[in-house]
Protein chains: 2
Amino acid sequence: MNDVAREAGVALKTVSRFVNGERNIDPVLAGRIGAAIGTLGYRRNLAAASLRPGRSSRTIGLIISDLANPYYSTIARAIELLAREHGFLLTTASSDEEGDRHDALVDRLLGQQVEGLIVVPPRQAGRAWSQVPGPVPPVVFLDRPGDLAGADTILADNAGGARAATVELLAQGARSVAFVGDSRAISTMAERYRGYADALAEHGLAPDPALVSAAAHSKDQAAAVVAELMASGAADAVFAANNRASLGAVLAFRESGRRLPLIGFDDFEAAALLTPAVSVVSQDVTEMGRLAAELVLDRLSGAPARSDRLQILPTRLILRGSERVGHAAGGDR
Amino acid sequence: MNDVAREAGVALKTVSRFVNGERNIDPVLAGRIGAAIGTLGYRRNLAAASLRPGRSSRTIGLIISDLANPYYSTIARAIELLAREHGFLLTTASSDEEGDRHDALVDRLLGQQVEGLIVVPPRQAGRAWSQVPGPVPPVVFLDRPGDLAGADTILADNAGGARAATVELLAQGARSVAFVGDSRAISTMAERYRGYADALAEHGLAPDPALVSAAAHSKDQAAAVVAELMASGAADAVFAANNRASLGAVLAFRESGRRLPLIGFDDFEAAALLTPAVSVVSQDVTEMGRLAAELVLDRLSGAPARSDRLQILPTRLILRGSERVGHAAGGDR
DNA sequence: TTGTACGCGTTATCAG
DNA sequence: CTGATAACGCGTACAA
């Protein structure tokens, strides 16, 4: 910038005015400055500019568990979209559900002067937020509750969605609905289980431990669980509490040539294409991301914090055919 | 940092040494400094630190067309992984295939002092790279060729993959293989068409305009194209030149209750779960991302540029059943 | 081992 | 409308 000023024969401040698009500047000088910028190949250093108090990096940070997971990349995209509309850049990082890595990313992003943070708390919790050194900018927790007072939190209605799915399976005549999911140490899974149990209770039923599995970490494990349930004849319907469980159930059905009524939690690309098409509890993932970005940007623009710190987004039950009794193939035709 | 120095009763520089983990520092002073940092809630400003010549932001930028697309989010994840191993952060942005947006993002990221750039050139080309003002750090083009001399480029073997797929369909007895794809103004699509035509030529055949469609922009459009091909009986096999075309073909088959031998380009989540399972030409997307990050990081660490600026990654033909003649359902059992 | 003085690129103040 | 000067937070040369 100094070089440009010298080249154009003006003072530093005039160049600063020029590059900031200020109006009160002599057209002649402006022309000289523009020319100097061109010949010198000058580019503004935004990092240096944001050093000034009151100025900011216009960058927000996003920490999710895995960017390759379509669920999170859709969220990231929605955040990025709104961020860009407001002139913000997004720095994204994956924690792999590890507390240490998550904590390191928080420190790094904060050190890098992000102005806001959108975070999916990792399963393996690390340091408490109260122990983060230094001032913490606006934080929004996504998908799972966090432990920072004053932060906004956005959750899906996991219990409500699970309840709706289970109710639907019961309405189809099922009496022994299996719950195929992951560990209930995960908050979302605990909520889904709660909704499942509530639905059973409404029908005068209680969860049967033989029908509840928390071992479906992968789709293959889920497939084994479902195959076992079918072999023993214990279950007459399956609520798959996550994506991998849904895929596992489909695999098991496919293997055995038979199937049980099925509803899964979380939509997936293949769901509508399978035979029968898989019914799911769907979250509005894009809306979650959009809302998270909106909350951060609102607080950055000085808007007062909302009183409702916790927002629970509704889920939608999408019935495609797999919830009904039927054969392994052709159930939807 | 000044405050910390005052609180600890030492000079600025000593605090600087402390936070940089330098060894030559009196343990007593170190203790005082650590305490001061704790009580003051001091945090290092990495952006300010990188202002120093020789210092850097340790951030790289990634511009893709759409982060919500699993193809690109997988790439982003692979890049992020290697970047983090080297202490780099990744700032990701989507161009939506628009040249103007892409150009603005390049300027913004460079202004933000990223040290390297990994870019998927947008379909609707914008400004030439030679017109980017100011110095340009290492750039790697991904998925499509770019126009910056000296940049590395990573492409998939689109022609080879398309050729292999077409050859396989011909080997299955097809004589009238349809090409269902997008506009050949897109470089990848042009390459895939080339491979398709080459395979035909090897069998003494020539592309038949009636069998070649460039209108499959969405899966519904692709479905219409395939439905039309089946109705007219012109085609006896389908090469779906992208993901959406594959899905469209599956939809069309499902609608009509009949099907043609099919191979698609690019793998997709549902492919193995469909009936019959869809055969595809698969790209090693993770390797593309990893390699891109490696090239950027290599040049950042001062390694000499490789002589082979253009790397073409092999594709893999995954046969799952849909390439064979068969009925609409059950072709893989 | 510690401290002083300066510069990195930018913007704000305030006087001209 | 313009410019001289200080300051943002940090690291480095060099002196103590």
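Computed from a prediction, not measured in an experiment: that's the story for all the values here. Below, read A as the first sequence line, B as the second, and so on, with proteins coming before strands; counting in each chain starts at 1.
Here the P atom of nucleotide D/dC8 and the CG atom of B/Asp3 are 10 Å apart, to the nearest Å. One interatomic measurement links the two molecules: CZ of B/Arg58 to P of D/dG11, which rounds to 14 Å at whole-angstrom precision. As a whole-Å value, the separation of A/Arg17 CZ from D/dG3 C1' is 8 Å. Per the geometry, CZ belonging to B/Arg6 stands 14 Å off P belonging to C/dG3, to the nearest Å. When rounded to the nearest whole Å, the span between CD1 of A/Ile25 and C1' of D/dG3 equals 12 Å. For A/Asp26 and D/dC1, the CG to P distance is 8 Å, given to the nearest whole Å. When the P atom of C/dT10 is taken as reference, atom CD1 of A/Ile37 falls 10 Å away, rounded to whole Å. Atom-to-atom, CE of B/Met1 to C1' of C/dT2 comes out at 13 Å; the value is rounded to the nearest Å.
Residue contacts for A/Phe18: at a heavy-atom cut-off of 4.0 Å it reaches no nucleic acid atom on any strand shown. Within the 4.0 angstrom heavy-atom criterion, base atoms lie near A/Leu12. Within the nucleic acid shown, A/Asn2 has no heavy atom closer than 4.0 Å to any nucleic acid atom.
When side chains are defined from C-beta on, A/Leu300 counts as touching A/Ile60, because their heavy atoms get closer than 4.5 Å.
Within the 4.0 Å cut-off from OP1 or OP2 of D/dG11, at least one side-chain nitrogen or oxygen of B/Ser16 is found. Phosphate contact (OP1/OP2 of C/dC8, side-chain N/O of A/Asn45, threshold under 4.0 Å): absent. Phosphate contact (OP1/OP2 of C/dA12, side-chain N/O of A/Arg55, threshold under 4.0 Å): present. Between A/Thr14 and D/dT2, a side-chain N or O to OP1/OP2 separation shorter than 4.0 Å is absent.
Defined by atom type and a distance below 3.5 Å, a donor-acceptor pair is present between the side-chain atoms of B/Ser94 and A/Glu80.
With hydrogens and angles left out, the side chain of A/Arg44 and the base of C/dG9 share no donor-acceptor pair within 3.5 Å.
With respect to the salt-bridge test (charged N to carboxylate O, under 4.0 angstrom), the residues A/Asp26 and A/Arg17 do not qualify. The pair A/Arg127-A/Asp107 meets the salt-bridge criterion, since a charged nitrogen lies less than 4.0 angstrom from a carboxylate oxygen. Taking the charged nitrogens against the carboxylate oxygens, B/Glu97 and B/Arg144 do have a contact shorter than 4.0 Å, which makes a salt bridge.
In this structure, of D/dC8, C/dC8, C/dT10, it is C/dC8 that holds the atom nearest to the side chain of B/Leu51. Each of D/dG11, C/dT10, D/dC8 was ranked by its minimum atom distance to the side chain of B/Val19; first place goes to D/dG11.
Mapping A/Glu22 and B/Pro27 onto DNA chain C by nearest heavy atom places B/Pro27 closer to the 5' end of the strand. Mapped onto DNA chain D by nearest heavy atom, B/Lys13 and A/Leu29 fall at different nucleotides, with A/Leu29 at the one closer to the 5' end.
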